[in-house]
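Numbers restart at 1 for each chain; the letters A, B, ... are given by sequence-line order, proteins then strands.
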Amino acid sequence: MLAWYDGAARVLPWRAPPGSAPPDPYRVWLSEIMLQQTQVATVIPYFERWTARWPDFASLAAADDAEVMSMWAGLGYYARARNLLKGARAVVAEHGGRLPDTEAALLTIPGIGPYTAAAIAAIAFGRRAVVVDGNVERVVARLFAIPTPMPAAKPAIRAATDTITPDTRAGDFAQAMMDLGARICTPRSPKCLFCPIAAGCTARIEGEPERYPVKAAKKARPLRQGTMFWLTNANRVWLVRRPDKGLLGGMRALPTGPWEAEPPVLADAPTAANWRMLDTVATHGFTHFELVCALAAARWDGQTALAPGEWWPIADLESAGLPTVFAKAARLFREDGACGG
DNA sequence: GAGTCGTGGGT
DNA sequence: TACCCAAGACT
């Protein structure tokens with residue numbers, strides 16, 4: 001694997017060349033958080049903007065919370081951004097501004113779990129650590145043809161990974177396994193002809209490498225419905241801030257009622273007004289449900305009471321840092337020509 | 001162990 | 001198209 005990696009490693013902004021000195025721990029940490037459940041190509045532009053704005057732990061720890069959330073907008077899983085800020089502040093306050101170099105200490109930092117702790121220890125500090133992410137799970141499940149369905153197979157996969165992890169260059173080994181999983185040992189149509197370890201792969205010898213890792217059938221995503229509100233005042237629109245915990249926590253948003261199985265009502269509007277329903281609806285797929293939102297537009301009369309929020313210039317809505325579901329809805333309101341849009 | 005938590009790319 | 005899934009963590 002290391003020999004293959006020496007010649008085939010992807011060049012990435014947070015990565016050092018194979019066999020060279022470890023990269024900046026801050027950049028390793030940031031990239032690992034951004035890469036959780038997120039593909040490399042999606043992360044790269046966010047990583048570049050982020051490091052230009054906050055190049056180290058000290059600058060990030062001193063950053064404004066709202067600006068951090070806005071910079072993360074569109075990347076998803078927003079708890080990562082909240083924990084990233086907590087993590088940077090913990091590193092400054094409790095570790096002298098430098099990331100600790102052991103897995104156990106790394107695990108105490110918000111946002112760092114078993115995978116990320118092992119990855120940072122190996123990649124940024126050159127320690128031997130058993131790094132198991134989704135790529136490694138797939139490669140190892142195939143290499144050893146592990147028949148146990150996920151997630152029950154996780155302990156066996158970790159044990160098997162331990163047996164093939166080298167004592168030196170564990171970081172390069174981990175990155176080699178992840179590159180292999182991302183480019184060759186892919187979930188569907190693995191390219192075994194280009195695989196450096198195909199000769200020892202039990203799943204390939206069996207003839208159906210795609211069968212691994214074995215997974216149980218998953219259930220269908222339920223439908224949820226709701227209403228989003230577009231309240232305007234001159235050339236501005238009313239935005240709210242969502243509660244810190246839960247779905248899209250801490251993010252700027254359009255006012256919305258709850259998202260539930262039942263059809264929506266207008267009772268959750270941000271203010272009393274002559275709401276006009278648009279002809280179109282906004283749809284968006286989340287991890288565990290599908291959302292269909294009715295769209296209601298109105299002008300504020302300058303009199304009725306408003307819950308906490310802020311007027312935002314419609315022409316500058318791109319800088320509000322709206323999650324994608326709200327950015328999509330905002331586009332529909334503006335295309336409709338709704339009041340002020 | 002199971003549910004929650006986004007979004008975009010690939011097929 | 002509809003579905004799968006990604007360098008997981010947290011509760």
Side-chain angles (χ1 to χ4, degrees), chain A residues 9-10 12-15 27-47 69 72-84 86-87 106-124 129 131-139 149-155 158 161 171 173-183 185-191 210 213 215-222 224 242-251 253 259 283-291 321-328:
Chain A
R10 287 180 290 182
L12 301 172
W14 49 84
R15 183 180 271 185
R27 295 167 67 88
V28 174
W29 167 73
L30 176 62
S31 70
E32 290 299 342
I33 303 294
M34 286 186 165
L35 285 163
Q36 289 168 5
Q37 298 291 285
T38 309
Q39 295 183 349
V40 165
T42 303
V43 164
I44 288 175
Y46 281 86
F47 181 87
M69 298 311 291
W72 196 276
L75 197 53
Y77 283 138
Y78 299 98
R80 292 184 295 173
R82 301 194 297 273
N83 287 331
L84 196 66
K86 285 184 197 169
L106 287 163
L107 274 171
T108 67
I109 295 172
I112 297 183
Y115 159 75
T116 305
I120 294 174
I123 296 170
V131 181
V132 183
D133 76 324
N135 288 304
V136 176
E137 278 182 353
R138 185 171 55 257
V139 171
M150 296 295 288
K154 282 177 179 288
R158 191 196 186 279
T161 307
F173 176 76
Q175 294 179 96
M177 293 287 279
M178 293 189 276
D179 275 17
L180 187 71
R183 298 162 60 187
C185 195
T186 49
R188 283 175 286 190
S189 306
K191 297 147 190 70
E210 296 176 75
K215 295 187 178 179
K218 54 184 59 180
K219 48 183 167 184
R221 290 187 304 179
R224 290 192 196 174
R242 294 177 63 85
D244 277 332
K245 296 200 170 188
L247 187 71
L248 307 170
M251 301 300 290
W259 296 341
T283 64
H284 191 74
F286 288 92
T287 307
H288 52 296
F289 66 91
E290 187 74 23
L291 178 69
L322 293 178
T324 298
V325 61
F326 297 112
K328 283 161 75 173

Any donor-acceptor N or O pair under 3.5 Å, side chains A:Arg138, A:Asn135 | yes
Atom P, compared across B:dG10 and C:dA7: separation rounded to whole Å = 12 Å
Assess whether one donor atom and one acceptor atom, taken from the side chain of A:Arg10 and the base of C:dA7, lie less than 3.5 Å apart.
-> yes
Could you check which of B:dG6, C:dA7, C:dA9 has an atom nearest any side-chain atom of A:Pro114?
-> C:dA9
Let me know, please, whether A:Pro110 or A:Val40 comes out on the 5' side of the other along DNA chain C by nearest nucleotide.
-> A:Val40
Nucleotide nearest A:Tyr115 when distance is taken to its side chain, options C:dG8, B:dT7, C:dC5 | C:dG8
Output yes when at least one side-chain N/O atom of A:Lys219 is less than 4.0 Å from OP1 or OP2 of B:dA2, else no.
-> no
Name the nucleic acid region contacted by A:Gly246, choosing base, sugar-phosphate or nothing; use a 4.0 angstrom heavy-atom cut-off, strictly under.
-> sugar-phosphate
Rounded to the nearest Å, what distance is computed from the CD1 atom of residue A:Ile44 to the P atom of nucleotide B:dG9?
-> 13 Å
Nearest whole angstrom, please: distance from the P of B:dG9 to the CD of A:Gln39.
-> 8 Å
Could you tell me whether A:Arg15 and A:Asp179 have a side-chain N and a carboxylate O separated by less than 4.0 Å?
-> yes
Are A:His288 and B:dC5 close enough that a side-chain N or O sits under 4.0 Å from OP1 or OP2?
-> yes
Within the structure shown, what part of the strands sits under 4.0 Å from A:Arg82 by heavy-atom distance: base, sugar-phosphate, or nothing?
-> nothing
Just to confirm, is there a sub-4.0 Å distance from OP1 or OP2 of B:dT7 to any side-chain nitrogen or oxygen of A:Tyr78?
-> yes
Whole-Å gap separating C1' (C:dA2) and CZ (A:Arg221) = 10 Å
Nearest of B:dT4, C:dA7, C:dA6 to any side-chain atom of A:Pro187?
-> C:dA6
Scan A:Ile112 against the nucleic acid and name what it touches under 4.0 Å (heavy atoms): base, sugar-phosphate only, or nothing.
-> sugar-phosphate
Check every strand shown and say whether A:Leu107 touches a base, only sugar-phosphate, or nothing at a heavy-atom separation below 4.0 Å.
-> nothing
May I ask you to say what A:Gly249 touches in the nucleic acid, namely base, sugar-phosphate or nothing, with a heavy-atom cut-off under 4.0 Å?
-> nothing
What's the CD-C1' distance between A:Gln36 and B:dC5, to the nearest Å?
-> 12 Å
Between A:Met150 (CE) and C:dG8 (C1'), how many Å, whole number?
-> 12 Å
State the CD-CD1 distance between A:Gln39 and A:Ile44, to the nearest 0.5 angstrom.
-> 11.5 Å
Indicate, yes or no, whether a donor-acceptor pair under 3.5 Å links the base of B:dG9 to the side chain of A:Thr42.
-> no
Is there a donor-acceptor contact under 3.5 Å linking the side chains of A:Tyr115 and A:Gln36?
-> no
If you check the A:Met178 side chain, which of B:dG6, C:dG8, C:dA7 turns out closest?
-> C:dA7
A:Arg242 CZ to B:dC5 P, straight-line distance once rounded to whole Å = 9 Å
Just call it for A:Trp14: base, sugar-phosphate, or nothing, with non-hydrogen atoms closer than 4.0 Å on any strand.
-> base
5' priority, DNA chain B, between A:Arg188 and A:Leu322 [closest heavy atom] = A:Leu322
Quick one: the side chain of A:Thr287 and the base of B:dG6, do they pair up donor-acceptor inside 3.5 Å?
-> yes
At under 4.0 Å between heavy atoms, what does A:Val136 touch on the DNA or RNA strands: base, sugar-phosphate, or nothing?
-> nothing
A:Thr116 near the nucleic acid: base, sugar-phosphate alone, or nothing, with a heavy-atom cut-off under 4.0 Å?
-> sugar-phosphate
Which residue lies more 5' along DNA chain B, comparing A:Pro151 with A:His284 via nearest heavy atoms = A:Pro151
For A:Thr324, report the nucleic acid contact type (base, sugar-phosphate, nothing); a contact means any heavy atom under 4.0 Å.
-> sugar-phosphate
Salt-bridge contact A:Lys154-A:Glu137 (side-chain N to carboxylate O under 4.0 Å) = yes
Between CG of A:Leu106 and P of C:dG8 the distance, given in whole Å, is 17 Å
Under 3.5 Å, side chain of A:Arg82 to main-chain N/O of A:Asp244, donor-acceptor pair present?
-> yes
Out of C:dC10, C:dG8, C:dA7, which has the shortest distance to the side chain of A:Asn83?
-> C:dC10
Could you tell me how the ring of A:Phe286 sits relative to the ring of A:Trp259: parallel (under 30°), tilted (30 to 60°) or perpendicular (over 60°)?
-> tilted
To the nearest Å, give me how far apart NZ (A:Lys154) and P (B:dA2) are.
-> 13 Å
Rounded distance in Å between the C1' positions of C:dC5 and B:dC5 = 15 Å
